[in-house]
Amino acid sequence: MFGDCVSTVVTFALPIGENKSKLFVKTYRNFATEDPILRYICDRISYYLMFNTMKEDKGIIESIDKNNI
């Protein structure tokens, strides 16, 4: 929460194999929804930031030694 604005990220993982899971991510926000141009810009920025964060997290998780799981 920041002022009257709220941004929420909900994630969950579904195991699909011995060493594989599928990650689901949903984002919700209540700002930048009136102006279509501003909404588009905010959507692109949010996508870029979330995509990069998830790539970084994936790299960290994949580097964990399977003997330590």
Side-chain angles (χ1 to χ4, degrees):
M1 297 182 79
F2 43 101
D4 292 336
C5 299
V6 178
S7 179
T8 305
V9 179
V10 178
T11 63
F12 65 95
L14 175 66
I16 58 174
E18 181 67 29
N19 295 310
K20 197 169 194 176
S21 294
K22 186 170 187 173
L23 180 64
F24 296 87
V25 180
K26 284 289 240 178
T27 59
Y28 304 90
R29 60 174 162 64
N30 72 342
F31 55 92
T33 57
E34 297 297 320
D35 181 349
I37 294 171
L38 183 57
R39 181 174 52 238
Y40 176 81
I41 292 168
C42 288
D43 286 347
R44 297 295 94 202
I45 291 170
S46 294
Y47 178 87
Y48 173 79
L49 293 172
M50 289 298 298
F51 186 80
N52 283 331
T53 300
M54 288 176 38
K55 282 194 319 187
E56 291 170 358
D57 292 351
K58 181 178 186 247
I60 292 167
I61 291 169
E62 288 177 341
S63 71
I64 297 172
D65 184 340
K66 292 185 183 0
N67 295 319
N68 295 325
I69 295 177

Residue pair Ser21 / Pro15: nearest heavy atoms and the distance that separates them: OG-CA, 3.7 Å
Indicate yes or no: at least one non-hydrogen side-chain atom of Thr8 is less than 4.5 angstrom from one of Lys26. no
Would you be so kind as to tabulate the donor-acceptor pairs closer than 3.5 Å made by side chains of residues 55-64, with sequence neighbours excluded?
from  : atom 1 : to    : atom 2 : distance (Å)
Lys58 : NZ     : Glu62 : OE2    : 3.3
Ser63 : OG     : Ile60 : O      : 2.7

With a cutoff of under 4.5 Å between side-chain heavy atoms, which Ile, Leu, Val, Met, Phe, Trp and Tyr residues group with Ile45? Ile37, Ile41, Tyr48, Leu49
Taking the hydrophobic residues Ile, Leu, Val, Met, Phe, Trp and Tyr, and joining any pair whose side-chain heavy atoms are under 4.5 Å apart, which ones share a cluster with Phe24? Phe12, Leu14, Ile16
Could you state whether Tyr40 and Tyr47 fall into the same hydrophobic cluster, counting links through intermediate Ile, Leu, Val, Met, Phe, Trp or Tyr residues with side-chain heavy atoms under 4.5 angstrom apart? no
Test item: Val25 and Val10 side chains (from C-beta on) under 4.5 Å apart, heavy atoms: no
